[in-house]
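Each chain gets a letter, A, B and so on, in the order its sequence line appears, and its residues count up from 1. Reckoned from all heavy atoms, side chains included, excluding hydrogens, waters and symmetry mates.
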Amino acid sequence: MSFIVFIDLGGKMTSITKYITYTGSGIRKAIRSASQKGFDMIPQKEFLNSKVTDAINYIGKNFSSDKQRVALGVTALMTQPFIDAHNKKIDDETRRASVAKTIAKIIAGTATGFLIRYGCIKGIKALSQIPAKNVPKWKTIFTPQGITDNTTEAFQQYRNAMGTVLALGIMVFTNFLIDAPLTKLMTNAFIKKSEGKK
Amino acid sequence: MKLPSFLNNFKNYLYKNYGENPGTMLVHTGALGWVLSSLAQIFAVAVNDKITVEQKSFLIPQEIADAAINILSFYIVTSSVKNLSTKLVQTGKLTTKAIKTQLEHLGVAKEKIGSFDFNIGKLKEVPKDYKSFKNGVEVIASTLGSIASCNIITPILRNEYAAKRQKQIVAKLHKNDNGQPYKTYNMTDFQSHAYSNHGLKI
């Protein structure tokens, strides 16, 4: 194959392109074949129980970012302080402060993160009504153009997405105004408590 | 009331891209959340009057490195888990009884199920329950991916990085004016000097 390329370098450029395409498709085939082999190692799974299927469908429809934030916060409280408490690379005092800061950060971050996301998603829901005679214009400010049905799953997910984006914008400020002072306050309280336990 | 065109474009963009992909939305907004909170942390250090310029020259790159670890581990882990779950549902490897029955009715060959190129969503007639099942699996996968990256992988990586940085700073603080480290003694050396006839006296 390299011979053909060498000849073609002085002549037709199209042949070089063909060679590259050929090589490219060869690599693609190899990657695809390797992916398929790896994929085949995963066993097939069919959910037979309708309760499980219904639960999965329900989560897909109703589990928005505010609920995800709570799930992250709760699991964070179960793992992160434990990881920090077992960090042997730092001294005892730093470790205690690190655990206290982590717990405080999780509580402050989860509380504000959940409340702001929840509020924004609710707010967007109120301001994304379907245009109608009896609906004031300002209540349709976040309605995408051409939407006539507010019961579709896609529209509910759009509301969640828009609410989450708005919440993220607000949280740029609440990070300084609420999270940081609250984390500091709680960290000091937790350190004091852990020192009292020594 | 006429809205600015960018707002209309933005609304339509969100509707089109995330309306039918809640799992993708959770991954993207999660990553955006990390970016914004990291920017806030960097900004807080940059505008803090109590931190000297020399300290800022160290702390700002440190915050950027910390942010990079957070964002990259979140995005790589969460999107990988989510993409794998999408592929499993698209190819029919992960399915429900209802979807399987509908595929059989549609005459989809059994060999196609589990093939890397097969995509149920691209069939001429998509099974009724497919979309809601796919959304549910993607949301669960992206949440599990977020939990693994934010609550397990990132804290471990961050602790490793922070411990290294702390050692570097402590080593820097313990250097003399010539840039040479102060001579230190371990307990055995100290005892042999302290209790010898011509050694260190305290």
Side-chain angles (χ1 to χ4, degrees), chain A residues 32 35-36 39-40 42-48 50 52-53 55-61 63-65 68 71-72 75-76 78-80 83-84 87 89-90 94 98 102 113 137-138 141-147 152-155 157-158 160-162 164-165 168-169 171-172 175-176 179-180, chain B residues 1 3 7-8 11-12 14-15 17-23 25-26 29-30 32-33 36-37 39-41 44 87-88 91-98 100 113-117 129 131-140 142-143 146-147 150-152 155-156 159-160 162-164 166-167:
Chain A
R32 202 209 143 279
S35 304
Q36 182 68 60
F39 201 58
D40 288 342
I42 303 172
Q44 214 153 327
K45 172 77 187 163
E46 181 188 340
F47 293 110
L48 298 170
S50 63
V52 176
T53 316
I56 294 172
N57 293 347
Y58 178 84
I59 290 170
K61 272 183 197 156
F63 202 77
S64 44
S65 66
Q68 195 200 37
L72 274 176
T75 48
M78 293 192 282
T79 57
Q80 289 195 29
I83 292 168
D84 287 347
N87 184 7
K89 291 184 175 169
I90 47 173
T94 312
S98 158
T102 297
K137 270 268 181 203
W138 60 272
I141 196 164
F142 286 107
T143 313
Q145 287 166 315
I147 299 293
T152 61
E153 196 181 332
F155 187 61
Q157 297 297 354
Y158 157 78
N160 288 340
M162 184 57 102
T164 308
V165 171
L168 289 174
M171 281 188 291
V172 172
N175 254 331
F176 298 111
D179 284 37
Chain B
M1 184 169 47
L3 293 171
L7 184 60
N8 280 328
K11 286 188 296 187
N12 293 335
L14 285 188
Y15 181 72
N17 289 284
Y18 299 130
E20 297 198 344
N21 297 301
M25 186 275 283
L26 289 176
T29 53
L32 183 65
L36 292 176
S37 85
L39 283 176
Q41 296 286 341
K87 199 75 186 163
L88 288 171
T91 56
K93 266 221 156 187
L94 187 65
T95 190
T96 68
K97 197 181 174 185
K100 202 177 176 187
I113 309 288
S115 165
F116 212 67
D117 299 328
D129 303 323
K131 212 166 249 177
S132 53
F133 178 67
K134 182 173 160 274
N135 283 350
V137 171
E138 283 181 353
V139 168
I140 293 169
S142 57
T143 304
S146 305
I147 289 170
C150 295
N151 297 341
I152 299 167
I156 292 171
N159 281 350
E160 283 286 324
K164 256 184 203 166
Q166 193 196 30
K167 265 185 193 164

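Options B/N17, B/L32, B/N21, B/D117 differ in how many heavy-atom pairs under 4.5 Å they form with chain A, and the most are formed by B/D117. Looking only at heavy-atom pairs under 4.5 Å with chain A, the residue among B/G30, B/G92, B/G33, B/S115 that has the most is B/S115. Of the listed residues (B/L88, B/V137, B/L39), the one with the most heavy-atom contacts under 4.5 Å to chain A is B/L88. Ranking B/A98, B/S142, B/G23, B/S146 against chain A, the residue ahead of the rest is B/S146, based on heavy-atom pairs under 4.5 Å.
The CG atom of A/N57 lies 8.0 Å from the OG1 atom of B/T96; values are rounded to the nearest 0.5 Å. If you take CD1 on B/I156 and CD on A/Q80, they are separated by 10.0 Å, rounding to the nearest 0.5 Å. A/N160 contributes atom CG, which lies 11.5 Å from atom CG of B/L14 (distance to the nearest 0.5 angstrom).
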Exercise for review: Just do the side chain to side chain contact (heavy atoms under 4.5 Å, CB included) check on B/N12 and A/Q145 with the steps written out, would you?
Suggested key: CA-CA 7 Å; B/N12 293 335; A/Q145 287 166 315; 3.0 Å; yes

Practice item. Check the pair A/Y158 / B/K11 against side chain to side chain contact (heavy atoms under 4.5 Å, CB included), numbers first and verdict last. Key: CA-CA 8 Å; A/Y158 157 78; B/K11 286 188 296 187; 3.4 Å; yes

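Using a 4.5 Å cut-off between heavy atoms, B/E160 touches chain A through its side chain atoms alone. Only the side chain of A/F176 comes within contact range of chain B, judged by heavy atoms closer than 4.5 Å. Contact of A/N87 with chain B is made through the side chain alone, with heavy-atom distances under 4.5 Å. Neither the backbone nor the side chain of A/M171 comes within less than 4.5 Å of any heavy atom of chain B. Using a 4.5 Å cut-off between heavy atoms, A/N175 contacts chain B through its side chain alone, with no backbone atom that close. Both the backbone and the side chain of A/I42 come within contact range of chain B, each with at least one heavy atom under 4.5 Å from a heavy atom of that chain. With a 4.5 Å cut-off on non-hydrogen atoms, B/K87 touches chain A through its backbone and its side chain both. If you measure heavy-atom distances from A/T94 to chain B, the contacts under 4.5 Å come from the side chain alone. Interface remark: A/D84 contributes backbone and side-chain atoms alike to the contact with chain B (heavy atom separation under 4.5 Å). Residue B/T91 touches chain A through its side chain alone, counting heavy-atom pairs closer than 4.5 Å.
Between the side chain of B/E20 and the backbone N or O of A/E153 there is no donor-acceptor pair closer than 3.5 Å. B/N135 places no side-chain N or O within donor-acceptor distance of the main-chain N or O of A/K61, the cut-off being under 3.5 Å.
Of all the heavy atoms in A/A76 and B/N151, the pair that sits closest is N-ND2, 3.1 Å.
Both cation-pi conditions hold for B/K93 and A/F39: the charged atom is under 6.0 angstrom from the six-membered ring centre and inside a 45 degree cone around its axis.
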